[in-house]
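Naming convention: chains lettered A, B, ... in sequence-line order (proteins, then strands); numbering from 1 in each chain.
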Number of protein chains: 2
Amino acid sequence: MTEQRGPDRGSTGDPEGGGPGEPAHGRAAGRGADRGRVVPEATVARLAVYLRVVTVLGGQGAATVSSDELAAAAGVNPAKLRKDLSFLGSYGTRGVGYDVHLLVEEISRVLGVTRHRNVVLVGVGNLGRALAGYGGFASQGFTIAALFDADSARVGEKINGLAVQDMSVLAASCRTAKVTIGMIATPAEAGQQVCDQLIAAGVTCILNFAPIVLSVPDGVDVRKVDLAGELQILSFHERRKSAGLEEVG
Amino acid sequence: MTEQRGPDRGSTGDPEGGGPGEPAHGRAAGRGADRGRVVPEATVARLAVYLRVVTVLGGQGAATVSSDELAAAAGVNPAKLRKDLSFLGSYGTRGVGYDVHLLVEEISRVLGVTRHRNVVLVGVGNLGRALAGYGGFASQGFTIAALFDADSARVGEKINGLAVQDMSVLAASCRTAKVTIGMIATPAEAGQQVCDQLIAAGVTCILNFAPIVLSVPDGVDVRKVDLAGELQILSFHERRKSAGLEEVG
DNA sequence: AACGGCTTGTGAAGACTTGCACAAAGTCGG
DNA sequence: CCGACTTTGTGCAAGTCTTCACAAGCCGTT
Ligand SMILES: NC(=O)c1ccc[n+]([C@@H]2O[C@H](COP(=O)([O-])OP(=O)(O)OC[C@H]3O[C@@H](n4cnc5c(N)ncnc54)[C@H](O)[C@@H]3O)[C@@H](O)[C@H]2O)c1
Ligand SMILES: NC(=O)c1ccc[n+]([C@@H]2O[C@H](COP(=O)([O-])OP(=O)(O)OC[C@H]3O[C@@H](n4cnc5c(N)ncnc54)[C@H](O)[C@@H]3O)[C@@H](O)[C@H]2O)c1
């Protein structure tokens, strides 16, 4: 009932069954929308990468890309890429490749980023400031609609043209702006409480930077960004690499 | 040859074979070190979470934890947690649980964080400043040993008591401090070049914040933190949740 | 109109993960 | 010292994901 998605991927046992073994052809109208197709979680995570890569290729003037080219650019196996894209429907042309523009459109559609989404950020400290000032969100279809902090000394301060607001208006603000995604950049101690407040305000997706495991009701998605955890994973691999030196015998 | 590890988990086809199907009992001396045991990638990612959770529990005075308690706190299935911990060896006591202190020690050992590791950070901009000022790394066994930036206006500036250095001394600095982990917080355009410089300086593990796929030689591990990507994944789930409303028929 | 070359889409096999269920093993009260 | 109770460690089955290999399909050329 909690199972955070993060660096690993977890699997909360989605109600949907069916897997790759499904009689995939014969369903899902050949070239139309992906009606009823289940996109695996692992694929969703890669779609974000493909979207960025294919957008760049499009910007460089490419009209089509082959799965080999795209896979190389995204750093994945070509077969995996093709299978991933096949979940969106059949948008490639055999012998030619994928139409770059169409691909951008279709991936965006599946990811649900065809229209901008509003996001709120709670906790405007060290990290929160960096996030608030980051232009990379807007270019990917996300607008930070509001900033919140519990520190009254910070309320009212403008960051990147956006005023920091008091926590008391969080719920009203989220509902007005139809915000469904919240980012938590408060200290760990405040994380769970802020999370609860966000959910009470109607937020159903949370990106958590605090190093804690949030507990949320069903229907709310949480992804966590755990930087120290990332370093520990790297540390593990580092240790393994150098392990050979001492354990030769 | 590239395959970044990030939100998803990828699998670069590690040379190691063997899997869970291995005759796990009968090997790995019952209670001693985990000699020769292969720790699955998915488990490694969770070990970082367990380490944090169990550390907190220890700080609260708990002497032992059961797999159920620990699993609940970490947000995973108890059986999964036990299997994960079994890769470190047999450090639990049946009928009692795990010794908190011992567990911290063993997980730290496997993750290779028993002694502090030095890390360098390249790119002291918006995000880099936040990272440089973050105290959470040190408490997890990582010390930011040096900061680098290409902007001469920033070289010399002190952040959190550490001076920003010029890129020209990166290699020397890394070798002197025996740094094997590097963090990249430069704009996307500079990412690959900086990555190459880090590798040339002897770095073998990279944590990348730039929204690009780095290409690195074998033997170098990359993990990426893609915030816009995380939001897109959340967006996908959000879209799915609200899809029922329009597709009822 | 048929052909050769190239690339997609996907069945099938294999690899990896998860989670159940339970025997093994240890504790605690009597 | 024993028996009841608790909790670990893990065999096993069921998923989920990855990768290979190749038929099917599209294009341009002859
Ligand atoms: N700074 C980094 O680079 C970094 C890296 C990784 C993780 N993190 C994590 O991100 C979080 C924020 O880090 P930071 O360095 O920005 O910390 P910070 O202390 O600089 O900022 C925290 C902000 O949250 C606000 N806050 C505290 N309680 C609140 C509440 N109940 N409601 C709303 N706002 C509240 C504070 O007023 C402050 O402005 C921490 O959990 C930290 O562990 C930070
Ligand atoms: N700010 C955020 O919250 C945020 C969030 C997600 C991702 N990112 C990514 O992190 C990276 C950094 O973001 P930022 O907002 O800090 O950008 P920034 O422009 O504020 O900082 C970039 C820094 O890198 C330095 N730099 C440029 N080229 C360099 C080179 N070749 N060698 C060394 N240093 C160089 C610049 O001088 C600057 O100080 C970007 O790739 C961005 O997409 C940032």
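Between A:Ser67 and C:dT8 there is a side-chain N or O to OP1 or OP2 distance below 4.0 Å. Taking only side-chain nitrogens and oxygens, A:Arg94 never comes nearer than 4.0 Å to OP1 or OP2 of D:dC22. Put simply, A:Tyr98 has a side-chain N or O that comes within less than 4.0 Å of OP1 or OP2 on C:dG9. Distances shown here put a side-chain N or O of B:Lys80 below 4.0 Å from the OP1 or OP2 atom of C:dG19. At the phosphate of C:dG9, OP1 or OP2 sits under 4.0 Å from a side-chain N or O atom of A:Ser90. Between A:Thr93 and D:dC26, a side-chain N or O to OP1/OP2 separation shorter than 4.0 Å is absent.
Closest to the side chain of A:Arg46, out of D:dT7, C:dA21, D:dT18, is D:dT18. Taking only side-chain atoms of A:Asn77, from C-beta outward, the nucleotide of D:dG9, D:dT19, C:dT18 with the closest atom is D:dT19. Closest contact between the side chain of A:Arg82 and the listed nucleotides C:dT8, C:dT17, C:dG26 involves C:dT8.
Per the geometry, CG belonging to B:Asp84 stands 13 Å off C1' belonging to D:dT10, to the nearest Å. Spacing between atom CG of A:Leu47 and atom C1' of D:dC17 amounts to 14 Å, rounded to whole angstrom units. Rounded to whole Å, the distance from CG on B:Leu81 to P on D:dT7 is 14 Å. As rounded to whole Å, 18 Å separates atom C1' of D:dC26 from atom OH of A:Tyr91. If you take CG of A:Asp68 and C1' of C:dT8, they are 11 Å apart, rounded to a whole angstrom. Following rounding to the nearest Å, B:Phe87 (CZ) and D:dT8 (P) show an atom-to-atom distance of 17 Å. In this structure, the CG atom of B:Leu70 is 13 Å from the C1' atom of D:dT7, given to the nearest Å.
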CA sep, side-chain torsions, deciding dist, call: A:Ser67, A:Arg82, side-chain hydrogen bond (donor to acceptor under 3.5 Å, both in side chains):
CA-CA 6 Å; A:Ser67 61; A:Arg82 288 200 296 276; 3.0 Å; yes
Can A:Glu230 and A:Leu234 be said to form a side-chain contact (heavy atoms from CB on, under 4.5 Å), step by step?
CA-CA 6 Å; A:Glu230 295 292 326; A:Leu234 287 174; 5.7 Å; no
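Between A:Ser86 and A:Val96, the residue whose closest nucleotide on DNA chain C is further toward the 5' end is A:Val96.
A side-chain donor-acceptor contact under 3.5 Å links B:Tyr50 and B:Asp84. Side-chain atoms of A:His237 and B:Glu41 form a donor-acceptor pair, as typed in the model, at a separation below 3.5 Å.
Side-chain atoms of B:Lys83 stay outside donor-acceptor range of the base of D:dG9, with no qualifying N/O pair under 3.5 Å.
Between B:Thr180 and B:Val203 the shortest side-chain heavy-atom distance does not fall below 4.5 Å.
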